[in-house]
2 protein chains.
Amino acid sequence: MADERTRAQKSARRRSTYHHGDLKRALTQAALALVAEKGPKGFTLTEAARRAGVSAAAPYRHFTDKAQLLAAVAEEGFIQLNEALSAAGEGSPDPKNRVIELGRAYVRWAVNHPDYYLSMFGTEMVKRDHPDLLVAGGRAFDNLVDAIASCLDSGVLEGQDPLEIAGPMWSLVHGVASLAIGGDLCDVGIDEDPEALVVRATTEFLAVAEPA
Amino acid sequence: MADERTRAQKSARRRSTYHHGDLKRALTQAALALVAEKGPKGFTLTEAARRAGVSAAAPYRHFTDKAQLLAAVAEEGFIQLNEALSAAGEGSPDPKNRVIELGRAYVRWAVNHPDYYLSMFGTEMVKRDHPDLLVAGGRAFDNLVDAIASCLDSGVLEGQDPLEIAGPMWSLVHGVASLAIGGDLCDVGIDEDPEALVVRATTEFLAVAEPA
DNA sequence: ACCTGAACACCGTTCAAGT
DNA sequence: ACCTGAACACCGTTCAAGT
């Protein structure tokens with residue numbers, strides 16, 4: 001209504017007791033903060049609504065359910081991861097070195113943002129149900145595929161399909177990130193820094209595909 | 001009441017409508033079934049109690065909280081994984097081949113028991129808080145370490161500490177298992193069978209550490 | 001169109017009380 | 001010692017009703 005319009009426009013003064021403009025964005029922001037604070041496990045739709053200043057039922061005007069709000073968080077995670085990877089890739093002109101640096105940047109980002117990472121690869125929702133999430137995830141993955149393709153093109157690595165190398169490589173990198181976040185490496189007595197470990201492992205792994 | 005008592009004593013001779021004997025075991029069994037049916041996410045302490053035929057408060061006589069019951073499930077998972085790995089190891093006398101077969105068996109077990117696997121590596125509880133879990137996990141991991149140590153001893157692989165190879169190797173194998181279960185590999189267009197992928201990847205990885 | 005309020009069917013957990 | 005019953009403080013979700 002007219003009243004609401006005004007309120008929204010001077011939000012700097014009036015705030016949002018009346019939840020005007022983009023509650024959707026406010027909820028996503030609140031969800032992001034909550035996941036960062038308490039992890040994806042402690043994230044609650046009700047509390048996200050509370051922080052956004054609306055009733056517990058309000059979110060259902062913008063998200064079909066809790067999982068969809070969590071998917072929005074995960075999507076933001078993939079976007080940020082993608083940015084971290086792009087930056088790392090641009091900083092490493094040499095194609096093979098770039099692949100290694102992508103691995104390092106991936107693990108670094110994951111370890112520094114464990115809650116995001118868990119929301120991206122946890123089981124609270126099924127990616128398949130959230131197309132935007134698949135797109136964002138695919139974009140992040142493409143950094144790796146492109147770098148490997150460069151290696152193949154320039155003859156630094158041998159192989160046909162870059163995916164044949166990208167699969168194992170992603171598995172390795174995700175495995176390190178995942179086990180590091182879970183504390184599992186430490187639990188079995190591996191105290192090596194995860195970044196160092198992934199650099200060592202990817203370097204060795206890539207050595208195999210080198211031309212003779 | 002008296003009625004219930006009678007029921008307890010017969011139901012196949014003795015049974016446990018009266019829940020006496022080992023409710024702890026009954027709860028663990030119920031939890032196992034629930035996790036297998038609905039995944040660790042859908043697992044509920046209340047329903048585990050319901051299936052065991054007791055009130056929602058009863059479990060607290062045997063477990064401090066929900067996480068501890070889930071830890072019992074995860075521990076059982078590690079025990080079964082350990083058995084699968086031991087069997088695979090014994091079937092492969094050649095040391096290097098044994099390492100590869102351990103990777104294959106690991107991924108196979110994980111893909112065939114995704115709910116167990118998720119309860120073992122999910123975030124519903126912190127392993128650190130459950131010593132038995134660390135022990136069981138360590139035992140499973142030792143299969144890999146021992147096999148790698150055999151390779152070093154027999155000179156099939158070069159290196160100092162088996163953990164230096166076991167770390168990347170576990171990361172790789174866990175990464176494949178984890179991404180396969182989550183459907184992430186398929187999502188980015190990698191349709192290769194996870195077992196085949198892990199065999200290929202570990203074989204290549206081990207080739208690097210071969211003596212010249 | 002967007003939000004509230006009240007309601008429903010659940011949870012995990014605690015605690016007095018029973019046997 | 002082990003379990004129940006009732007209670008508490010939450011959830012996610014739905015739906016009529018307000019503006």
Side-chain angles (χ1 to χ4, degrees), chain A residues 1-9 11 14-28 30-31 34-35 38-73 119 123-126 129, chain B residues 1-9 14-28 30-31 34-35 38-73 123-126 129:
Chain A
M1 306 286 131
D3 201 25
E4 251 199 274
R5 210 151 205 278
T6 327
R7 224 182 279 116
Q9 282 167 352
S11 62
R14 199 122 308 223
R15 281 232 251 100
S16 63
T17 309
Y18 247 39
H19 342 106
H20 55 306
D22 45 1
L23 173 58
K24 182 161 186 173
R25 180 171 230 80
L27 284 169
T28 308
L34 270 174
V35 166
K38 314 189 181 183
K41 184 68 190 310
F43 159 71
T44 250
L45 189 54
T46 302
E47 189 165 352
R50 197 156 36 222
R51 292 210 185 184
V54 295
S55 77
Y60 290 87
R61 247 353 92 172
H62 301 275
F63 300 93
T64 67
D65 57 9
K66 183 188 178 184
Q68 205 181 350
L69 179 48
L70 206 81
V73 173
S119 76
T123 41
E124 345 280 326
M125 43 126 200
V126 185
D129 302 340
Chain B
M1 310 158 179
D3 203 21
E4 254 200 272
R5 207 155 205 276
T6 327
R7 220 184 290 116
Q9 282 168 353
R14 193 120 290 169
R15 269 332 174 84
S16 61
T17 309
Y18 226 43
H19 339 109
H20 50 300
D22 44 2
L23 173 57
K24 182 163 186 172
R25 179 170 233 80
L27 283 170
T28 309
L34 270 174
V35 167
K38 313 190 182 181
K41 184 68 191 309
F43 159 71
T44 250
L45 188 54
T46 301
E47 189 165 352
R50 198 157 34 224
R51 292 211 184 182
V54 295
S55 77
Y60 290 87
R61 240 7 83 172
H62 302 277
F63 300 93
T64 67
D65 57 8
K66 184 187 179 184
Q68 205 181 352
L69 180 49
L70 206 81
V73 173
T123 41
E124 346 279 328
M125 43 124 200
V126 185
D129 302 340

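Letters go in sequence order (proteins before strands), and every chain restarts at 1.
- Secondary-structure stems of DNA chain D, taken as three or more successive Watson-Crick or G-U wobble pairs (i with j, i+1 with j-1) under a 3.5 Å distance threshold, comprise C:4-8 with D:12-16, C:12-16 with D:4-8.
- Contact detail for A:Val35 and A:Leu70: the closest heavy-atom pair is CG2-CD1, 4.4 Å.
- Here the side chain of A:Tyr60 is nearest to one of D:dT13, D:dC3, C:dT13, namely D:dT13.
- Residue A:His62 places no side-chain N or O under 4.0 Å from the OP1 or OP2 atom of C:dA1.
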Restricting to nitrogen or oxygen on both sides, can you table the protein-nucleotides 7-9 of chain C pairs closer than 3.5 Å?
none

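- Rounded to whole angstrom, the span from the NZ atom of B:Lys24 across to the P atom of D:dA1 amounts to 16 Å.
- Per the geometry, CG belonging to B:Leu23 stands 9 Å off C1' belonging to D:dC3, to the nearest Å.
- If A:Ala67 and B:Arg61 are placed on DNA chain D by their nearest nucleotide, the residue sitting closer to the 5' end is B:Arg61.
- We find that CG of A:Asp22 is positioned 10 Å from P of C:dC3, with the value rounded to whole Å.
- Shown for residues 39-50 of chain A: residues whose heavy atoms fall under 4.0 angstrom of DNA chain D, namely A:Thr44, A:Leu45, A:Thr46, A:Arg50.
- Rounded to an integer number of Å, the gap from B:Leu27 CG to D:dC3 C1' is 12 Å.
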With side-chain contact (heavy atoms from CB on, under 4.5 Å) as the test, would you mind laying out the steps for B:Val73 and B:Met125 before giving the verdict? CA-CA 11 Å; B:Val73 173; B:Met125 43 124 200; over 6 Å; no
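- Rounded to whole Å, atom P of C:dT13 lies 12 Å from atom CG of B:Leu70.
- When the C1' atom of D:dT13 is taken as reference, atom CD of A:Gln68 falls 14 Å away, rounded to whole Å.
- Distance CZ (A:Phe63) to C1' (C:dC2): 14 Å, rounded to an integer number of Å.
- Side-chain contact between B:Leu34 and B:Arg51 is present, with heavy atoms from C-beta onward closer than 4.5 Å.
- Between the CG atom of B:Leu34 and the P atom of C:dG12 there is a distance of 11 Å, rounded to whole Å.
- Every residue meeting the side chain to side chain contact (heavy atoms under 4.5 Å, CB included) condition with A:Lys24, not counting sequence neighbours, appears here in chain and number order: A:His62, A:Phe63.
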Identify all side-chain donor-acceptor contacts of residues 42-50 of chain A below 3.5 Å with residues at least two apart in sequence or on another chain.
from	atom 1	to	atom 2	distance (Å)
A:Glu47	OE1	A:Lys38	NZ	3.2
A:Glu47	OE2	A:Lys38	NZ	3.4

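- Shown here are the side chain to side chain contact (heavy atoms under 4.5 Å, CB included) partners of B:Asp65, two or more places apart in sequence or in another chain: B:Ala67, B:Gln68.
- Among all heavy-atom pairs drawn from B:Pro59 and B:Ala56, the shortest one is CD-O, 3.3 Å.
- For B:Ala57, taking side-chain heavy atoms from C-beta onward, the closest of the listed nucleotides C:dT13, D:dT14, D:dG5 is D:dG5.
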